[in-house]
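Comments concern the structure below.
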Amino acid sequence: MSVSTPVLDTLVDRVRDSVALLPRELADPVRTRLVCIDGPAGSGKTTLAGQMAVALDAQVVHMDDLYEGWEAGPGGGATRCAQWVLGPLSEGRPGKYDRYDWDRGTFAESHHVERAPVLIVEGCGAAPRSVDAFAACVIWVEAPDDERLRRGLRRDGAAMRAEWIRWMSAEREFFAEHDTRRRAHVRLDGWGRLLP
């Protein structure tokens, strides 16, 4: 997925407008403004995050680095993101997380997340209900299941089909629990087009 310039400009303007409307206590210039890009695996969130990071001069945390493998589903990554990154940042301290190494099946090197004007968190589970109080913008990205599976298997290999099917089921449950699509401020399809 590559978001067209007009759509990207709309999203960037939306984030900037959301930041401008933050309550005074959240608009302190030393605070980090949170943008969450959520939606099912293979829908195009990582590509969008990369484009927005350049446009907003923002740092990005990828939820793929916070999950503990395929079996754990998105919930554990959301919990780690809240504890390791968002909690400290909300208290005015830098965040820090250990990247999960999918090949070795263990957490690896540490990454520091400094306070900055904008932080983008992207991936399945990036926008649980707990972010509602302080997220400047929640963006939902979706694509049909067959297209997502095709993209995922192209990236991860056909041998990962069973893992992808299991993950797709786990993410559906997570999104239903957190009502993520409905709570989003902006919705896009997997080709970068705005949805109603």
Legend entry - CG/Asp179: more than 12 non-hydrogen atoms of other groups inside 6.0 Å: yes

Legend entry - Arg193 CZ to Leu188 CG distance, which is reported to the nearest 0.5 Å: 10.5 Å

Legend entry - Salt bridge flag under 4.0 Å for residues Glu142 and Arg187: no

Inset, instruction - Mind listing the closest non-hydrogen atom pair of Ser110 and Lys96 along with its distance? - result: OG-CE, 3.7 Å

Inset, instruction - Answer yes if Leu66 and Phe175 sit in the same cluster of Ile, Leu, Val, Met, Phe, Trp and Tyr residues linked by side chain heavy atoms under 4.5 Å apart, and no otherwise. - result: no

Inset, instruction - Establish, from distance only, whether the side-chain atoms of Trp167 and Glu163 form a donor-acceptor pair under 3.5 Å. - result: no

Inset, instruction - Using a strict 4.0 Å threshold on nitrogen-to-oxygen distance, state whether Asp101 and Arg99 make a salt bridge. - result: yes

Inset, instruction - Kindly indicate whether a cation-pi arrangement holds for Arg151 with Trp191, taking the cut-offs as under 6.0 Å to the six-membered ring centre and within 45° of the axis. - result: yes

Inset, instruction - Sequence neighbours left out, what passes salt bridge (charged side-chain N to carboxylate O under 4.0 Å, His left out) with Glu173? Give chain and number order. - result: none

Inset, instruction - Spell out, as yes or no, whether a donor-acceptor pair under 3.5 Å connects the side chain of Ser43 to the backbone of Gly190. - result: no

Inset, instruction - Find the distance between SG (Cys81) and CG (Leu89) and round it off to the nearest 0.5 Å. - result: 9.0 Å

Inset, instruction - Look only at the side chain of Asp189 and the backbone of Gly192, and say whether a donor-acceptor pair between them is shorter than 3.5 Å. - result: yes

Legend entry - Asp38 and Thr180 side chains, donor-acceptor separation under 3.5 Å: no

Legend entry - Shared hydrophobic cluster for Leu194 and Val35 (ILVMFWY, side-chain gaps under 4.5 Å): yes

Inset, instruction - Rounded to the nearest 0.5 Å, what's the gap from CD1 on Ile37 to NZ on Lys45? Could you check? - result: 9.5 Å

Inset, instruction - Identify the heavy atoms of Val131 and Ala126 that sit nearest to each other, and give their distance. - result: CG1-O, 4.1 Å

Legend entry - Reported CG-to-SG distance for the pair Leu119 and Cys36, which is rounded to 0.5 angstrom: 8.0 Å

Legend entry - For the student: nearest non-hydrogen atoms of Ala82 and Pro88, plus distance: O-CD, 4.3 Å

Legend entry - Exam field: side chain Arg129 to backbone Glu177, donor-acceptor pair closer than 3.5 Å: yes

Legend entry - Gly92 backbone acceptor or donor facing Arg115 side chain under 3.5 Å: yes

Inset, instruction - Determine the minimum heavy-atom distance between Arg33 and Ala136, stating which atoms define it. - result: CB-CB, 4.4 Å

Legend entry - His112 side chain to Glu114 side chain, donor-acceptor N/O pair below 3.5 angstrom: no

Legend entry - Close side-chain approach of His62 and Val60, heavy atoms under 4.5 Å: yes

Inset, instruction - Spell out, as yes or no, whether a donor-acceptor pair under 3.5 Å connects the side chain of Tyr67 to the backbone of Cys124. - result: yes

Inset, instruction - First locate atom CG of Asp156, then atom CH2 of Trp102, and finally report the distance between them rounded to the nearest 0.5 Å. - result: 8.5 Å

Inset, instruction - Kindly determine whether Thr46 and Glu122 satisfy side-chain contact (heavy atoms from CB on, under 4.5 Å), including the steps that lead there. - result: CA-CA 6 Å; Thr46 304; Glu122 74 81 19; 3.1 Å; yes

Inset, instruction - Please list, chain by chain and in numerical order, all residues satisfying salt bridge (charged side-chain N to carboxylate O under 4.0 Å, His left out) with Asp132, sequence neighbours excluded. - result: Arg183

Inset, instruction - Mind running side-chain contact (heavy atoms from CB on, under 4.5 Å) on Ile139 and Met52 for me, showing each step along the way? - result: CA-CA 11 Å; Ile139 300 169; Met52 290 193 70; 3.6 Å; yes

Legend entry - Plane angle bin for Trp84 and Phe107 - parallel if under 30°, tilted between 30 and 60°, otherwise perpendicular: perpendicular

Legend entry - Atom pair CZ (Arg161) and CG (Leu153), whose distance is rounded to the nearest 0.5 Å: 6.0 Å

Legend entry - same_hphob_cluster(Val54, Val118) at 4.5 Å side-chain heavy-atom cutoff: no

Legend entry - Cluster overlap Leu149 with Phe174, hydrophobic side-chain contacts below 4.5 Å: no

Inset, instruction - Mind listing the closest non-hydrogen atom pair of Trp164 and Arg148 along with its distance? - result: CZ3-O, 3.8 Å

Inset, instruction - Find out if a path of hydrophobic residues (ILVMFWY) with successive side-chain heavy-atom gaps under 4.5 Å connects Leu48 to Trp140. - result: no

Inset, instruction - Inspect the contact between Glu71 and Arg166 and indicate whether a charged nitrogen and a carboxylate oxygen are less than 4.0 angstrom apart. - result: yes

Inset, instruction - Check whether any side-chain N or O of Ser169 sits under 3.5 Å from a backbone N or O of Ile165 as a donor-acceptor pair, and report yes or no. - result: no

Legend entry - Close side-chain approach of Tyr100 to Arg80, heavy-atom, < 4.5 Å: no

Inset, instruction - Measure the shortest side-chain to side-chain distance between Val121 and Val85 over non-hydrogen atoms and say whether it is less than 4.5 angstrom. - result: no

Legend entry - Heavy-atom side-chain contact between Met168 and Asp145 under 4.5 Å: yes

